[in-house]
Amino acid sequence: MSVKSDNFFMDSVKDAAAGGLIALALFAVLIGMKAEVASGLGGQLGIVYRWGAVAVAVAIVFGGRLLLNLFVWKADTPVTQTAGSLLPNLQSFAPLGKYAMPIFLVLAVVLPFLLMSAYGARGSRQYLDLAILVTTYVMLGWGLNIVVGLAGLLDLGYVAFYAVGAYSYALLAEYFGFSFWICLPLAGILAAFWGIILGFPVLRLRGDYLAIVTLAFGEIIRVVLLNWYEFTGGPDGISGIPRPSFFGIEFTRGEGGFADTFGLEFSSIHRIIFLYYLILLMALITNFVTMRLRKLPVGRAWEALREDEIACRSLGINTTNTKLTAFALGAMFGGFAGSFFATRQGFISPESFTFIESAVILAIVVLGGLGSQIGVVIAAIVMIGGFEFFRGLEEYRMLVFGLLMVIIMVWKPRGLISTRNPSITLSGKKGKGISSDLVQEGHG
Amino acid sequence: MSSWDNNPVLTIEHLTMRFGGLVAVDNLSFNVGRGDITALIGPNGAGKTTVFNCVTGFYKPTEGRVVMNRSNGEHYLLERMPDFQISARAKVARTFQNIRLFGGMTLLENLMVAQHNPLMLASGYSVAGIFGLSSFRSAEREAVEKARYWLEKTALIDRADAPAADLPYGDQRRLEIARAMCSGPELLCLDEPAAGLNPKESAELNALLQYIRKEHDTSILLIEHDMSVVMEISDHVVVLDYGEKISDGTAPEVKDDPKVIAAYLGVPDEEVDAVEEEVGL
């Protein structure tokens, strides 16, 4: 035993020393010597030696490699294995899943009052703003989930429809003076229309090609908005977008305002709470429609399309139309969310609709688990909430964010909630979830 | 004039399919009789699956005509129709050589997808369905009953709510047939339905195909290598070799055709008898 452990230790040290030697060779040049314009020498180039830093770097490599050798690579029971078993597995979440939906819903409905009682009207505002932001992303995630999660079409330019929705409202309000409640459906319809316009030529492409074209479409919309100065205001954006009214009653101080009509004391928080409930309602409608469609023939056709397109066609399903409906519906919900975004901000510019937004929404859908509605909620809370929460860490939050992504990808490569529930069962009961190993991700 | 020429459900006339310089199917003509089980056989690479793909619209033939004669008197020129309409309107269903099921969906869902078009109509193109109108719900119940019927017929009812990819191979083959039948076809095209089945499963398949033909006004066109299936159940056998038809007739006629024997075995006559016994011809 002692012989083996001696060998084991010596081997580890030797291996670590070899690593250290390589590190020395590399870092001696990379870190150890630095070309600098020495001011004392009249602007001549000189070399500054930093052997202390090299020693530290080599020591880190040596120590790190030694520890990894001792505890992970050469150990009988790697530490990672023990750590891995500490992470909860899917089964332990199963009972939670049953109650997750109602718990989330109740929490979402009472959230403003909870916050108000905890922090007061003034203190709760920032948290409510964050809740509105998260809910907007939940809605966008649910909208994109139709396209990516159900129909299996990889859309990297989803933010284009968000932009179409936002600009539809802003421009209609600016040029025609339409109110939010008229513009909301119009924005959705226009976004769906653009979804179809994009979809017709593009949906015969598959996989990576579709992803690239949708990505390009997202950029085209942004660039047009940026450069059509006379119409959209270009980089200046559009300001003074009318705020939403409570079905005609404005949130203003004094006579005829919301507070006056309902006999409340005026507070600016009323509008924030109203906005929160508005986006919550819109998101829930998105969810309701999606869940309903999943149980209808069109929803089943989307999922069948994700599984096998050729088989779909052999069964008489018009795949082009089916893809178009998915694309148009996803775009429509994106448009609704966009017009909400415009009315909440009161100011929009093309800067709000960059590719990173598409990437974040897609990341929410993928991390949550393709096709899973509750997964999108969790992912949106973690990603958007976490992003805002760690604002104090400044640039390090990107590091935390990346680490989080890596952990999820290792721990649950198919997203947080990766089981698929059958849309219909013969027994009439809620069916057993289908493991994600069997479910296809779609090929575009 | 044979019985299949009197009232054919499918007429293939001068079908030619070229892929660049390769002639996969060359001037092929034959009829599929109504209510018959027609087998399309031939050595590997003879162009059987290409014929299937032309019939079901996955390929557009270079030349020739494929006519589907439905029992209500309508005629469809299949070579001019998009593939999904061939199933939806001309009522030709097919299965695939490499099984194409919706693996992540349950058996019942697979069969519901096959009834997409009538259900879509009943759900008012989803509008009525979203509001849960009763007309859609009754249509859905009927669709489930139809699915249940075919699951019972294919002995898969116990696993109706299990994912299709979890089924053993033989069951997947049967599910694919059940799925094709759920789309209500008048002509069922089966691409090697017995491939990979054991003798018992193969016998069950024969019984199932006989049942479909007898009870459901459905003619069957099948590609098969398993001669026990072909010889036992087919009324009409068409033999292809290098894209050309070399024999056409009843099973016993084809079996004794020297051209067929030569195409399959490619050996001098004196050795034919020995090999013939081996393959059970």
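Numbers restart at 1 for each chain; the letters A, B, ... are given by sequence-line order, proteins then strands.
- Around atom OH of A/Tyr277, more than 12 heavy atoms belonging to other residues, nucleotides or ligands sit under 6.0 Å away.
- Here the shortest heavy-atom pairing between A/Ala304 and B/Val113 reads CB-CG1, 3.7 Å.
- Taking every heavy atom of both residues into account, B/Met120 and A/Val298 meet most closely at CE-CB, 3.7 Å.
- At least one donor-acceptor pair closer than 3.5 Å links the side chain of A/Glu307 to the backbone N or O of B/Gly104.
- Annotation: side chain of A/Thr320 is not in contact with side chain of B/Phe84 (no heavy-atom distance under 4.5 Å).
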Exercise for the section: Given side-chain contact (heavy atoms from CB on, under 4.5 Å), test B/Thr106 with A/Thr425 step by step and report yes or no. Expected result: CA-CA 8 Å; B/Thr106 66; A/Thr425 58; over 6 Å; no
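- Of all the listed residues (A/Thr325, A/Val289, A/Asp308, A/Leu293), the one sharing the greatest number of non-hydrogen pairs under 4.5 Å with chain B is A/Asp308.
- Among the candidates B/Gln85, B/Gln115, B/Met112, B/Arg89, the residue making the largest number of heavy-atom pairs closer than 4.5 Å to chain A is B/Met112.
- Around CZ of A/Phe200, the count of heavy atoms belonging to other residues, nucleotides or ligands within 6.0 Å does not exceed 12.
- Listed for the B/Glu109 side chain is a donor-acceptor partner under 3.5 Å among the backbone atoms of A/Ser423.
- Between B/Met105 and A/Glu303 the shortest heavy-atom distance is CE-CB, 3.9 Å.
- The backbone N or O of A/Ile317 sits nowhere less than 3.5 Å from a side-chain atom of B/Asn117 that would complete a donor-acceptor pair.
- A/Leu296 contributes atom CG, which lies 9.5 Å from atom CG of B/Leu119 (distance to the nearest 0.5 angstrom).
- Contact annotation: the side chain of B/Phe102 approaches that of A/Leu315 to within less than 4.5 Å [non-hydrogen atoms, C-beta and beyond].
- The 12-atom threshold is not exceeded at OH of A/Tyr209, counting heavy atoms of other residues, nucleotides or ligands nearer than 6.0 Å.
- Only the side chain of B/Ala160 comes within less than 4.5 Å of a heavy atom in chain A; its backbone stays farther off.
- Atoms CG and CZ, from B/Leu108 and A/Arg300 in turn, are 7.5 Å apart once rounded to the nearest 0.5 Å.
- Residues A/Ser314 and B/Arg94 approach most closely at CB-CG, 3.9 Å, considering heavy atoms.
- Closest heavy-atom contact between B/Val144 and A/Ile424: CG2-CD1, 3.7 Å.
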